[in-house]
Protein chains: 2
Amino acid sequence: MNSLFKALSHPVRRRIIAMLRSGPLSSGDIAAAFDMSWPTVTGHLNALKEAELVSTEREGQSIRYRLEISAVEEALAFLMDLSGTGKTDEEDKAP
Amino acid sequence: MNSLFKALSHPVRRRIIAMLRSGPLSSGDIAAAFDMSWPTVTGHLNALKEAELVSTEREGQSIRYRLEISAVEEALAFLMDLSGTGKTDEEDKAP
DNA sequence: GTTGCATTTAGGGCTTTTCCTAATTAGCCC
DNA sequence: GGGCTAATTAGGAAAAGCCCTAAATGCAAC
């Protein structure tokens, strides 16, 4: 859960997941969309993967990244709880 | 918007806003709830304030921090767009 | 096998974040 | 005003994050 919000905290990573909204993309397609080196994008993809915001799957000789909605929903649940929509006491303890 | 998610990316700051859910609290009350120095908590409160997640108001000799729901809702909107609930193309450009 | 393409790992530099202690400001109350 | 309490700013050390280039891996196709 900590890695979830940490993953969402970087503009490039938010843009990546927004790109993935309309369907899976290969690492190359994603890297091409940014003005930074491919390895740097890989780093961001790893962060997203660790947060379980994306999953990977091999497709021929490329690898497809798919958005995992369930992780997005987890973040949504936290925020909705905050905004009074929900009542549960969902919270991560200990710093 | 970037500072919003960055503010949400730290466990202590998420706990602070969760505490504030049930009503405003003084800086001292908040600091007392954590096992860290008061100035460190002040730093986190400043981050939340910069993200406009909290607002301040003097109350006698203490200062009250209040949760600003509108900022939470902004984050909610972004995530709902991602999860397919909405259709708008809200996105922050340029890293 | 080996060549070739897509992607990742390794290593390093630079900036930012996080946390601390010590010193300082801000405002209430007598 | 003067003292007290609440809260902040200053300064600095340690850790984490971000980005790069160069080297390595994984598969597929020949």
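Quantities reported herein were computed from a predicted structural model and do not represent experimental measurements. Every chain is numbered from 1 and lettered A, B, ... according to where its sequence line falls, protein lines coming before strand lines.
Straight-line distance from the CH2 atom of A:Trp38 to the C1' atom of D:dA23: 16 Å, rounded to whole Å. B:Lys49 has its NZ atom 13 Å from the C1' atom of D:dT9, to the nearest Å. Distance CZ (B:Phe34) to P (C:dC19): 11 Å, rounded to an integer number of Å. Rounded to a whole Å, the CD atom of B:Glu57 is 17 Å from the C1' atom of C:dA26. To the nearest angstrom, P of C:dT7 lies 13 Å from CD1 of A:Ile16. Computed from coordinates, the A:Ile30 CD1 to C:dT7 P distance equals 9 Å when rounded to whole Å. The CZ atom of A:Arg58 sits 9 Å away from the C1' atom of D:dA28 (whole-angstrom rounding). Protein atom CD1 of B:Ile63 is 16 Å distant from nucleotide atom P of C:dT25, rounded to whole Å.
A residue-by-residue look at A:Asp35 and A:Gln61 shows that A:Asp35 has its nearest nucleotide of DNA chain D further toward the 5' end.
Using a 4.0 Å cut-off, no side-chain N or O of B:Tyr65 falls inside it from OP1 or OP2 of D:dA6. Residue B:Asn46 places at least one side-chain N or O under 4.0 Å from the OP1 or OP2 atom of D:dT9. OP1 or OP2 of C:dA6 has not a single side-chain nitrogen or oxygen of A:Ser27 nearer than 4.0 Å. The shortest distance between the side-chain N/O atoms of A:His44 and the OP1/OP2 oxygens of D:dC19 is below 4.0 Å. For the OP1/OP2 pair of C:dT8 and a distance below 4.0 Å, the side-chain nitrogens and oxygens of A:Thr42 include at least one atom meeting the criterion. Contact annotation: A:His10 reaches the phosphate of D:dC19 (side-chain N/O to OP1 or OP2, under 4.0 Å). Proximity of B:Ser37 to the phosphate of C:dC20: a side-chain N or O atom is located under 4.0 Å from OP1 or OP2.
Within the 4.0 angstrom heavy-atom criterion, only backbone atoms of the sugar-phosphate kind lie near B:Lys6; the bases stay farther away. When heavy atoms are screened at a 4.0 angstrom cut-off, A:Gly43 is found touching no nucleic acid atom at all. Contacts of B:Thr40 with the nucleic acid, taken as non-hydrogen atoms under 4.0 Å apart, include base atoms. Across all strands, B:Arg64 comes closer than 4.0 Å to no nucleic acid atom at all (heavy-atom distances). Nucleic acid contact class of A:Ser62 (heavy atoms, under 4.0 Å, all strands): sugar-phosphate only.
Here D:dT21 is the nucleotide among D:dT21, C:dC20, C:dT18 with the atom lying nearest to any side-chain atom of A:Pro39.
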Applying side chain to side chain donor-acceptor pair (under 3.5 Å) to A:Thr56 and A:Lys49, what does each step give before you reach the verdict? CA-CA 8 Å; A:Thr56 59; A:Lys49 204 168 165 185; 3.3 Å; yes
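Between A:Val41 and A:Ser27, every side-chain heavy-atom pair lies at or beyond the 4.5 Å cut-off.
Listed for the B:Arg66 side chain is no donor-acceptor partner under 3.5 Å among the backbone atoms of B:Leu20. Using modelled atom types, no side-chain atom of A:Arg64 and backbone atom of A:Glu57 make a donor-acceptor pair closer than 3.5 Å.
Here B:Glu59 contributes atom CD and B:Ser26 contributes atom OG; the two are 9.5 Å apart, rounded to the nearest 0.5 Å.
Using the six-membered ring where Trp is involved, B:His10 and B:His44 have ring planes that are tilted, between 30° and 60° apart.
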